[in-house]
S.K.: 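The structure under discussion is supplied below as structure tokens; questions concerning it will follow.
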Amino acid sequence: MSMKIYVPRDAAAKALGADEVAAAVKAEAAKRGMDVTVVRNGSRGMVWLEPLVEVEGAAGRMGFGPVDAADVAGLFEAGFGAHRLALGLTEEIPFFKSQTRLTFQRCGVIDPLSLGDYEAHGGLVGLRRALEMTGPQIVAEVTESGLRGRGGAGFPTGIKWKTVADAKADQKYIVVNADEGDSATFADRMIMEGDPFTLIEGMIIAGIAVGATKGYVYIRSEYPDAVEVMHRAVNNGRALGLLGASVLGSGHVFDVEVRVGAGAYVCGEETSLLNSLEGKRGVVRAKPPLPALQGFLGKPTVVNNVISLATVPVIMEKGAAFYKDFGLGRSRGTIPLQIAGNVKFGGLYETAFGLTLGDIVDKIGGGTASGRPVKAVQVGGPLGAYFPRALFDTPFGYEEFAGKDGLVGHAGLTVFDDTADMLKMARFAMEFCAIESCGKCTPCRIGAVRGVETVDRIAAGDPSAMPVLKDLCNTMKFGSLCALGGFTPYPVMSAVTHFPDDFARSKEAAE
Amino acid sequence: MPANPSEDRVREIIADHVALEGPLLPIFHALQAEYGHVPQLAVPVIAEVLNLGRAEVHGVMSFYHDFRKEPAGKHVVKICRAEACQSVGGDAISERAMKLLGVDWHGTTKNGNVTLEPVFCLGLCACAPAAMVDGKVVGRVDAAKLDRILAEVGA
């Protein structure tokens with residue numbers, strides 16, 4: 001019998017040498033005349049253990065990591081038993097075991113490109129159930145689940161779908177926003193590389209629900225591995241009748257096309273993304289009209305984040321009530337936290353909403369990788385606020401974070417130790433906004449440039465600059481067309497508010 | 001990589017994508033995949049085929065960071081400048097790369113071997129600092145790893 005060895009194909013695993021490990025496994029097996037099948041699975045999300053190699057054991061999959069290509073011969077020699085890299089059963093590792101994996105239930109488990117493997121692990125159950133239902137019933141189920149947009153805005157997915165479903169048009173579209181540009185976020189990338197059929201299944205269900213027959217996945221160009229896996233998954237899906245003229249023989253038409261961005265952060269904003277998809281400059285559109293009514297090529301369009309759509313299959317599989325049962329307040333279900341930056345146990349941790357920020361950073365993340373005290377945690381990407389330890393009791397939820405002048409965003413967390421200079425981080429937020437501004441509205445285009453200059457004045461010890469910075473942030477927050485200019489004040493003002501010493505110290509240094 | 005783009009070949013590439021809904025970005029990507037940059041002789045051809053103004057085509061192309069008017073060096077090294085990478089010393093890696101290569105961001109070394117580019121997030125934020133060398137991802141880049149990378153690409 002062939003021995004199965006799992007070596008992730010996830011970009012984070014590859015960045016740490018997984019391709020070399022996979023090659024070494026094949027070479028060593030050949031050398032020993034062993035019948036070994038190497039499965040390139042997704043990542044389990046424990047990035048500090050990558051490349052995490054697994055072998056099928058009697059009690060389940062045994063993990064070894066982090067494995068270097070040079071360790072492979074030794075692992076074979078030990079018969080993948082007792083070895084200094086042995087981690088025991090992968091699913092018993094505390095970081096993994098304590099999660100509630102719904103959206104990511106198959107990620108890292110299956111061969112991402114095998115539709116058979118996908119089905120054997122619960123895939124397509126949700127779609128088959130959806131095929132027995134009417135569009136309005138599906139929309140009602142998704143609405144009832146409490147699912148909100150995981151891209152950051154947190155808008156109820158079911159309500160967006162209803163708007164598109166109720167619109168009259170000869171053509172409607174499902175557009176997946178896979179332009180995951182926020183630092184500290186990689187959930188979209190992981191699911192596309194590790195379980196792409198979950199996203200495809202979610203898109204098909206959305207298509208049936210609203211009456212759309214065509215879907216686009218707009219993936220950022222910085223994710224070449226995700227682009228490749230999605231292309232291949234779509235082709236496999238088409239060949240096996242999941243996509244095309246009759247989805248699983250149901251008579252429903254649905255096809256998917258993968259498109260690649262071109263290095264513009266602002267295209268993660270839904271109206272910029274639509275312009276980009278149409279072949280235009282990725283400038284923001286004024287709303288109204290809503291994309292739900294006049295989206296791609298002016299047609300009614302569902303624009304959803306990858307994780308929102310990838311969560312739909314499990315909702316349809318287990319029911320709205322099951323999903324809604326997890327969570328806190330108006331934040332229902334689970335959220336894939338992405339714990340990153342200067343952190344001991346970095347990776348993806350899916351759990352119900354409601355954990356406190358302190359538990360996430362200190363208990364799950366294990367504090368900083370440098371071993372120094374945590375100074376700040378930026379939550380929600382480059383447009384998210386910096387939280388000090390004093391706010392570590394904030395529970396993870398949309399309203400809870402908004403109440404502390406922050407945002408959940410796409411649920412990425414960047415941990416900084418006490419060497420971080422928050423004035424420098426505030427300056428970077430403005431600099432980033434200046435580089436990435438689409439240029440359409442003045443508060444963002446000009447404000448960000450003036451913001452960099454004003455932070456530099458503060459750094460040079462000019463006391464009159466601070467009120468200007470505050471005023472500027474206020475203008476950007478309320479006067480910008482989209483979240484780029486509108487949310488850049490979050491990191492800037494949170495740094496000013498919670499870390500005043502960093503702004504005062506610069507003044508002393510200047511004097 | 002063909003050195004001299006011919007208008008015939010450019011027209012073929014455009015024709016391969018013209019049936020798509022919103023074909024312009026796929027056309028730019030295909031041209032750049034073939035030539036390493038978007039040859040400027042393609043701009044009026046695209047404008048003609050898609051019935052757009054030349055300024056419009058140029059405007060779209062120049063909006064996006066990815067598309068090049070001229071070829072890059074033989075190898076492209078991208079270093080992430082985003083927050084997660086900064087939290088673990090990414091700035092020092094960037095500065096070291098600029099110093100060793102003797103170029104600023106977007107610059108190409110004198111020998112034409114390496115172009116250095118900034119990138120804002122490669123999604124490798126739990127194994128930062130991150131870089132990408134000719135499309136291949138690299139995590140936990142420290143000084144030693146950077147030096148090895150730059151030696152490999154012939155800096």
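Every chain is numbered from 1, with letters handed out A, B, ... down the list of sequences.
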S.K.: Check whether any side-chain N or O of B:Ser87 sits under 3.5 Å from a backbone N or O of A:Phe416 as a donor-acceptor pair, and report yes or no.
M.R.: no

S.K.: If only atom types and distance count, is the side chain of A:Ser183 paired as donor or acceptor with the main-chain N or O of B:Ala82 below 3.5 Å?
M.R.: no

S.K.: Quick check on B:Leu50 against chain A: is it the side chain, the backbone, both or neither that has a heavy atom closer than 4.5 Å?
M.R.: neither

S.K.: Check this for me, if you would: do B:Lys136 and A:Glu20 make a salt bridge, where the nitrogen-to-carboxylate-oxygen distance has to be below 4.0 angstrom?
M.R.: yes

S.K.: On a heavy-atom basis, which atom in A:Val266 and which in B:Phe63 lie closest, and how many Å separate them?
M.R.: CG1-CZ, 4.0 Å

S.K.: Sort out for me which of A:Glu180, A:Glu436, A:Met190 touches chain B most, counting heavy-atom pairs under 4.5 Å.
M.R.: A:Glu436

S.K.: Are any side-chain N or O atoms of A:Arg281 and backbone N or O atoms of B:Val60, one a donor and one an acceptor, separated by less than 3.5 Å?
M.R.: no

S.K.: What verdict does the ring pair (Phe, Tyr, Trp, His ring centres under 6.0 Å) test give for B:Phe120 and A:Tyr265, after you've listed the backbone C-alpha separation in whole Å, the side-chain angles of each residue and the deciding distance to 0.1 Å?
M.R.: CA-CA 8 Å; B:Phe120 292 95; A:Tyr265 174 78; 8.6 Å; no

S.K.: What is the minimum heavy-atom distance between B:Val88 and A:Asn342, and which atoms define it?
M.R.: CG1-CA, 3.6 Å

S.K.: Just verifying a value: how many Å separate A:Phe186 CZ and B:Cys127 SG, rounded to the nearest 0.5 Å?
M.R.: 8.0 Å

S.K.: Using a strict cut-off of less than 4.0 Å between a Lys/Arg side-chain nitrogen and an Asp/Glu carboxylate oxygen, indicate whether B:Arg81 and A:Glu431 qualify as a salt bridge.
M.R.: yes

S.K.: Just checking, is any N or O donor in the side chain of B:Tyr64 or A:Ser276 under 3.5 Å from an acceptor N or O on the other one?
M.R.: yes

S.K.: Who among B:Asp91, B:Val141, B:Val138, B:Val119 has the most heavy-atom pairs with chain A under 4.5 Å?
M.R.: B:Val138

S.K.: Show the nearest heavy-atom pair for residues A:Leu16 and B:Arg140, with the distance to one decimal.
M.R.: CD2-NH1, 3.5 Å

S.K.: For A:Val260, is it the side chain, the backbone, both, or neither that has a heavy atom closer than 4.5 Å to a heavy atom of chain B?
M.R.: both

S.K.: Please find the pair of heavy atoms, one from B:Cys125 and one from A:Ala184, that lie closest to each other, and give the distance.
M.R.: SG-N, 3.1 Å

S.K.: Treating B:His29 as the side-chain partner and A:Ala262 as the backbone partner, does any N or O pair qualify as donor plus acceptor under 3.5 Å?
M.R.: no

S.K.: Specify the closest pair of heavy atoms between B:Leu24 and A:Gly279, including all atoms of both residues, with the distance to one decimal.
M.R.: CD2-O, 3.3 Å

